[in-house]
Amino acid sequence: MGKKKKVTFSDIAKFTNFSKTTISRYFNDPDSLTPENQQIISDALVKLNYQENKVARILANGKTEFIGIIIPNLYLHYYSEMLNQILCTYEQYGYKFLVFIGNENENTERQYIQELMAYQIEGLIVLSHTIPSKELADLKIPIVAIEREDLYISSVNTDNYSGARQAVQLLASHHCQIMLHINSPTKENIPAYGRISGFLDYCRENQIPHEMFIEDLGINDEDLHQKFTCILDQIQMKYPDKKKGIFISNDTYASVFLNLLIRRYGKLPDDFYLVGFDNSPISRQAVIPISTVGQQINKIAQESMKLLVGLMDSQKKRNPAPLSEPVHKTIPPLLILRDTTEKNIF
């Protein structure tokens, strides 16, 4: 069987009685054609079984349809689920993604960004915390941040502060006598700091005894197990006879802490009530499903792509107007009740 002949612009022009210039405009600047002529060419492409040469198109107009993503790690389930939701937007927006995992290394992330710029990405989504937003803004491409410092770039974030207050209010409704918060050190200009400030404000306003355990918990099983074992020993030594309400900064950490409790006691003890944060899949899949403050991860991913595509479209205009100031969107969290607080369920 002979090799199938590729359909060229000349073939399309001959089939439609348009010039090759008109066909080129259809691919590179379709809005310059009338809707009627766009439809004629579109129908012709179907009839001719045209397969677009993406490389040729990139060389012709410089538009790669690539978006870069810098993500801190895939150990925390929040990041892996966010990445999954962003990648799922391909069918809606048609953009492909180049993904790099920074592992909290500032110099490595700068190298990754240089690599992405060499691929002529049209936009960038950043979830990592290492590079200041001022430096990112100097890249002069559309950028959207998710849950990181965002003074100079647009962003989509969860209302972490109200989420933390909801978590403590839930624990208070179960008459917990001591409130405990476990978190990693977090700068005040990072949205997730709201989990700390929301916890503190609610406890102080309602005169609830509380304590925070703020330390570098790591992102591997061995470090987490060691750190959480030490924290659990301290909790049991200080509050052996109190009903303990524990709010942990993310569902991955909450799952590790829950597993430690079950290994030590064979169950979730009656005097421990536990709430995580994120509503990542691990909170539902845990041996005892974990109550959590649900970030609407699918909505954050959708809003981030919608915002980024809007910024990219604006930049493609003949005379693009510079963005007067970054756009910041806040998504409300949803409190999700499961077995680690609603103990009558199991």
* Asked: Going through the distances and angles, do Asp271 and Lys244 end up as a salt bridge (Lys or Arg N to Asp or Glu O under 4.0 Å)?
  -> CA-CA 6 Å; Asp271 57 341; Lys244 294 165 276 288; 2.8 Å; yes
* Stepwise side-chain hydrogen bond (donor to acceptor under 3.5 Å, both in side chains) check, Gln302 with Gln92 -> CA-CA 10 Å; Gln302 279 288 333; Gln92 182 176 357; 3.1 Å; yes
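Without hydrogens or angle criteria, Thr229 side chain to His225 main chain gives a donor-acceptor distance under 3.5 Å. Of the possible polar contacts, none joining the Ser255 side chain to the Thr252 backbone as a donor-acceptor pair under 3.5 Å is found. Of the possible donor and acceptor atoms, one in the side chain of Ser291 sits under 3.5 Å from a partner among the backbone N and O of Arg338. In terms of modelled atom types and a separation under 3.5 Å, the side chain of Ser304 and the main chain of Ile300 share a donor-acceptor contact. A donor-acceptor contact shorter than 3.5 Å is absent between the side chain of Asn107 and the backbone of Arg110.
Considering every non-hydrogen atom in both His77 and Ile282, the closest pair reads CE1-CD1, 3.3 Å. Closest approach of Val275 and Ala167 over heavy atoms only: CG1-CB, 3.9 Å. Arg165 approaches Gly198 most closely through the heavy-atom pair CG-O, 3.6 Å.
Relative ring orientation between Tyr253 and Phe228 is described as perpendicular, the plane-to-plane angle rising above 60° on a 0-90° scale split at 30° and 60°. Ring geometry for Phe272 against Phe257 counts as tilted: the plane angle lies between 30° and 60°, on a 0 to 90° scale.
Both Ile231 and Ile262 belong to a single network of hydrophobic side chains, linked directly or stepwise wherever heavy atoms of I, L, V, M, F, W or Y lie under 4.5 Å apart. Under the 4.5 Å side-chain heavy-atom criterion for ILVMFWY residues, no single connected hydrophobic cluster contains both Tyr152 and Leu136.
In this structure, Arg195 is positioned above the aromatic face of Phe277, its NZ or CZ under 6.0 Å from the six-membered ring centre and within 45° of the axis.
Counting non-hydrogen atoms of other residues, nucleotides and ligands closer than 6.0 Å to CZ of Phe100 gives a total above 12.
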